[in-house]
Participant: 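Have a look at the structure that comes next, please.
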Amino acid sequence: MTTEAPTQLPPVKRRNAELVMTVFAVALTLFAMVEAGLTRNGEMPASLFVYGVLFGGLALLAHLFIRFFAPWSDPLLLPLATLLNGLGIAMLWRLFEATGDTSRGSALDQLILTAASMAVFAAVVYFLKEPRTLQRYPYIMALSAVVLLLLPAIPGLGMTVNGARQWINLGVTTLQPSEFAKIALVIFLAGYMVSKRDVMALASRQIKVGPVKVLDLPRARDTAPMAVMWGFCIIVLVILMNDLGTSLMLFGTFLAMIYVATHRANWLVIGLTAFFGACAAIYPFVPHFRVRMVTWLEAFRPDVYCTDEAMANPDSFCNTLGNSQQLVQGLFALAEGGMTGTGLGGGKPGYVPEVQNDFIFAAFGEELGLAGIMVMLLSMALLVERGMRIALASKELFIKMFASGISFLIAFQTFVVIGGVTRVIPMTGATIPFVAKGGSALLSSWIMLALLMRMSNNARKPAPQAIQDEGATQVISR
Amino acid sequence: MNKPIRRLALFTMALFGVLLLNVSWIQTFQAETLREHPYNRRQFIESLTQHRGSILVGSEEVAYSEPVGGDSEQFQRHYENGSMYAPVVGAFRAGSATGIERAENSFLDGSNELLAVNNFRDMLTGEEPKGADVYLTLDSGAQQAAMDGFQSLGKNGAAVALDPETGAVLASYSHPTYDPNSVASVTETDAAAKNWTELEASEQQPLLNRGLQQVYPPGSTFKVVTAAAALENGATPESTQEAPATLDLGAPLPNAWGGPCNNGAPDSLAHSIEISCNTSMANWAIELGGQKMHEQAEAFGFNQGPMEIPLPVVESSSPLETDPNILGRSGIGQANVEATPLQMAMVAAGVANDGDVMKPYLVDSVQNSNLEEVKAAQPEVYSNAISSSTAEDLTQMMIGVTEGDEASGPAGAIPGIHVAGKTGTAETASGPTHNWFISFAPAEDPQVAVAVVVEHGGQSGGTLAAPIAKEMMEAVINE
């Protein structure tokens, strides 16, 4: 088995610390609901007790489960996830239940989905004792990733929401299969690259400017995975399904993982050149893509924002392609919040269209202010860095790839969404892990957490000591 | 493999760093700009639920808020004599505000820091918070006279009246106008928005305050500035210039009536103003030279950039001319000279006030909800445009315009009072002439200075504009 020296962590469990922090996260959630209820309606939320018992009970169960079945796992992961998930529920409660309008979603639904997600979380932690077994099925994973990504393209099954075709309708519920495809893809990439990393790190030609080496080019045949990935992201996701967010996320994760596997910057150069080159090339032909770029770069142009005047003109940008109202209103919401925010329930997040989805971040920005969203961003960053820590602490290369891939995915997804909302990059449409409304997003977040948790447990568990030192007997850690 | 993982971890930290920096930027440094962005309706919608202060003319509340009633927490803005005051007061509506409603918004909605103590006291005593009241300098009589004049005339234009001694704006009317009540409804928002869109789209531009926001060639009213420059540079009212029937300035420049000004003899400055002689005044401008003309115009307020009174006022311009042909035409207010009606009222007011132009202002005082004055206007000298002897000479010359044997503007005269005035008929590139009249009265102890412009009236300033100016002056003097 391929291994590499792990970074040593002290063999401590810290389960009680986890319990205290989890209780704190639940308390924060309930406090947020109380604040929203008092500010908005002048009374305590009527269902506070229900939420307290259910959400608190779930978090407590998750903690107890970990205490028994993954006792060596990182104690920070569960509290961070609980906090983010809880804040999401509190904000949805404030947006829907507190205003008496639950036609577009509700916190109770989110709570039920949280329960289901935590159940799956427990199942994954319990049944996947050794995540390295996943290494055996890279091509099944690849196939399922592709199938999941393509499901929405099937007529009758797929649904287009806000221009992007990333949903399937199962009659009883809707699913966003790309949320699960990305996990399958990370597993495939981790398995594939661990076995192919040596050839992929080979350099066949050097490009030099004078005496300075600029770039190592890999052998042409080794670029096949890159070409396939690139073609899939560009042709299928961008052109056929208008799913810019997933495309960006998958390709970014792919590049991150190939870099981790090969430690060669040339892959990044090749990948980024190919991706942005393709984006520039298809720019004139994909209207959806163009809309995203223009609404990003020129959000305040009157005909892009759609002023009354532009609205009256049937040929204006916003009447033919799309408008930047959501983005601009999101920025206004953030500005309204300022440093400390209006307090939960004190703002007007309803001015942002579809605020319960990607733009829930703008609602947090308005009501909790810069202070509040800094806490959220730092929690997210902490979660990601703890994930990276697991990759460092693990021995097996597959696990290192897997853990760093999942962590990067969480980080990059957060960046793509929040960067889009705050106008750092074009808006692409994706969900903030753990926070945003929606079952698929929540479930996939908790699955990723379960995978990290299990890997963390295995990495931090101290190796069994040899009972006696008789030289011949080797004890193998399982 | 640990090294690339460490680098990847650093990269993810950098991603979060970018997000943190960006939200910090948006929520601190950029926040103020975004909050006041014209697309941002938050503040206005929020302010619909606040008890906004009133806007008063004298003791009359011309704009005030009343609770909508029923379940609504909102207040409805009402306008008395809405159309008459709209060019100044503007309209407060869901989404935005114009005029004084916008310029003095921080007082009206109570957010101004000068009101902080009062707001705090109201909070402690549990009193319903209310914005401050804004008292305008307008004179209802003069404003009414301006509106009546334009309505019976049926032409577009603007009138501005100033108190020459203080700079207080006594009237500012622009025609056509609109009824702010039609766009301010908070209960029928769709109709209000539709009305507003129509007003915005109208070619008649009812939302434009032409007195402050539009520049016109001032035509012969600018001869007052030319005469002032001459007198300041050694001429007397009796000094003469050649005054033929036409002057060759590239293209011929004739007099309005086609003949010479003094039967072919050189004409005196005083007589040239009285009958509004083009050729002699053009010669004066050429003799004085571009520099002196330019300096005199600037002393009256031209080329000084936009003003806020607190309504925004666009710049009037009188560029430095070197070509004598153009300079001659600019001496009679044509060529590149452009002025707002307010600017020409300032010229008249400067002459009236012994040569000192006062800074115009529209807000007399601001009173908080406990009727304490939080801000009061302090008259300020805007510029010392001319000496008092020049002002005296000009006054006598301008009295000739309304009372002289060959007066060009007798319609501006008021029986029993000396009125100093000057007519203007400005050629335009597009259509009939603009007709001007600027004046002040009583000439010995001026109480009011007026500028009236009738857009594309096609007649003379003495016929169309002077009667309106007369009614406005009378309204102020007879109080």
Side-chain angles (χ1 to χ4, degrees), chain A residues 4-7 197 256-257 259-264 300 302 305 307-309 311-312 325 328-329 331-339 341 348 351 361 365 369-370 373-374 377-378 380-381 384-385 387-389 391-392 397 400-401 403-404 407-408 410-412 414-415 418-419 422-424, chain B residues 1-49 71 73 93-96 183 189-190 192-202 207:
Chain A
E4 195 169 302
T7 305
R197 62 191 287 251
M257 293 187 71
Y259 175 73
V260 170
T262 62
H263 195 188
R264 295 220 178 265
F300 288 93
Y305 175 75
T307 55
D308 294 345
E309 218 168 300
M311 189 98 86
Q325 295 210 345
V328 170
Q329 289 298 334
L331 292 177
F332 288 159
L334 289 173
E336 197 67 24
M339 299 274 270
K348 299 244 186 290
Y351 289 176
F361 185 75
L370 181 59
I373 52 181
M374 276 195 159
L377 282 172
L378 289 175
M380 204 75 83
V384 168
E385 301 308 325
M388 292 291 183
R389 199 96 187 97
L392 289 174
L397 291 188
K400 280 180 174 296
M401 293 281 304
S404 56
S407 308
F408 183 80
I410 296 174
F412 199 55
T414 311
F415 179 76
I418 297 181
T422 57
R423 217 168 158 228
V424 177
Chain B
M1 205 181 272
N2 283 351
K3 200 170 173 191
I5 292 176
R6 285 213 167 86
R7 287 206 178 146
L8 191 64
L10 276 179
F11 177 68
T12 56
M13 294 231 287
L15 289 183
F16 282 106
V18 168
L19 293 181
L20 283 171
L21 282 178
N22 186 50
V23 290
S24 306
W25 171 255
I26 292 174
Q27 297 200 280
T28 55
F29 297 104
Q30 234 191 339
E32 199 59 37
T33 326
L34 285 171
R35 272 182 224 140
E36 283 163 12
H37 195 281
Y39 297 166
N40 196 341
R41 293 165 171 236
R42 281 163 183 272
Q43 311 265 324
F44 282 107
I45 295 178
E46 178 73 9
S47 59
L48 289 181
T49 62
D71 291 341
E73 292 175 9
R93 51 195 192 88
S96 188
V183 297
T189 47
D190 287 348
K194 187 169 153 286
N195 289 340
W196 181 259
T197 316
E198 277 171 14
L199 290 174
E200 271 186 325
S202 167
L207 299 178

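Below, read A as the first sequence line, B as the second, and so on, with proteins coming before strands; counting in each chain starts at 1.
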Participant: Could you report the tightest heavy-atom contact between Phe16(B) and Ala411(A), atom names first, then the distance?
Facilitator: CE1-CB, 3.9 Å
Participant: Would you mind telling me which of Pro302(A), Ala261(A), Ala403(A) has the largest number of heavy-atom pairs within less than 4.5 Å of chain B?
Facilitator: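 Heavy-atom pairs under 4.5 Å are most numerous for Pro302(A).
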Participant: What is the minimum heavy-atom distance between Gly338(A) and Arg35(B), and which atoms define it?
Facilitator: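 That closest heavy-atom pairing would be CA-NH2, 4.0 Å.
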Participant: Quick one: CD1 on Ile373(A) to OG on Ser24(B), what's the gap to the nearest 0.5 Å?
Facilitator: 8.0 Å
Participant: Could you look at Leu378(A) and say if it's the side chain, the backbone, both or neither that has a heavy atom under 4.5 Å from chain B?
Facilitator: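 Only the side chain of Leu378(A) comes within 4.5 Å of chain B.
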Participant: Give the intermediate values and the outcome of side-chain contact (heavy atoms from CB on, under 4.5 Å) for residues Leu34(B) and Glu336(A).
Facilitator: CA-CA 8 Å; Leu34(B) 285 171; Glu336(A) 197 67 24; over 6 Å; no
Participant: For each of Phe332(A), Phe415(A), Phe300(A), tally heavy-atom pairs with chain B at distances under 4.5 Å, and name the one with the top tally.
Facilitator: Phe332(A)
Participant: Would you mind reporting whether Phe412(A) and Thr12(B) have side-chain heavy atoms less than 4.5 Å apart?
Facilitator: no
Participant: Can you list the steps and then say if Met339(A) with Gln27(B) is a side-chain contact (heavy atoms from CB on, under 4.5 Å)?
Facilitator: CA-CA 6 Å; Met339(A) 299 274 270; Gln27(B) 297 200 280; over 6 Å; no
Participant: Is it the backbone or the side chain of Val260(A) that comes under 4.5 Å from a heavy atom of chain B, or both, or neither?
Facilitator: both
Participant: Check whether Ser407(A) gets within reach of chain B through its side chain, its backbone, both or neither, counting any heavy atom under 4.5 Å.
Facilitator: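 Neither; nothing under 4.5 Å.
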Participant: Distance from Phe11(B) atom CZ to Tyr259(A) atom OH, nearest 0.5 Å?
Facilitator: 11.0 Å
Participant: Please find the pair of heavy atoms, one from Gln329(A) and one from Tyr39(B), that lie closest to each other, and give the distance.
Facilitator: NE2-O, 4.2 Å
Participant: When only pairs under 4.5 Å are counted, which of Met388(A), Gln325(A), Met374(A) shares the most heavy-atom pairs with chain B?
Facilitator: Met388(A)
Participant: Using a 4.5 angstrom heavy-atom cutoff, name the option from Ala381(A), Gly337(A), Ala256(A) with the most pairs to chain B.
Facilitator: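 Of the candidates given, the most pairs with chain B belong to Ala381(A).
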Participant: Going by the side chain to side chain contact (heavy atoms under 4.5 Å, CB included) test, name the single residue among Leu19(B), Asn22(B), Leu15(B) that passes it with Ile418(A).
Facilitator: Leu19(B)
Participant: If you round to the nearest 0.5 Å, how far is CG of Leu20(B) from CG of Leu370(A)?
Facilitator: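 Going from the CG atom of Leu370(A) to the CG atom of Leu20(B) covers 8.5 Å.
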Participant: Roughly how far, to the nearest 0.5 Å, is CG of Leu8(B) from OG of Ser404(A)?
Facilitator: 6.0 Å
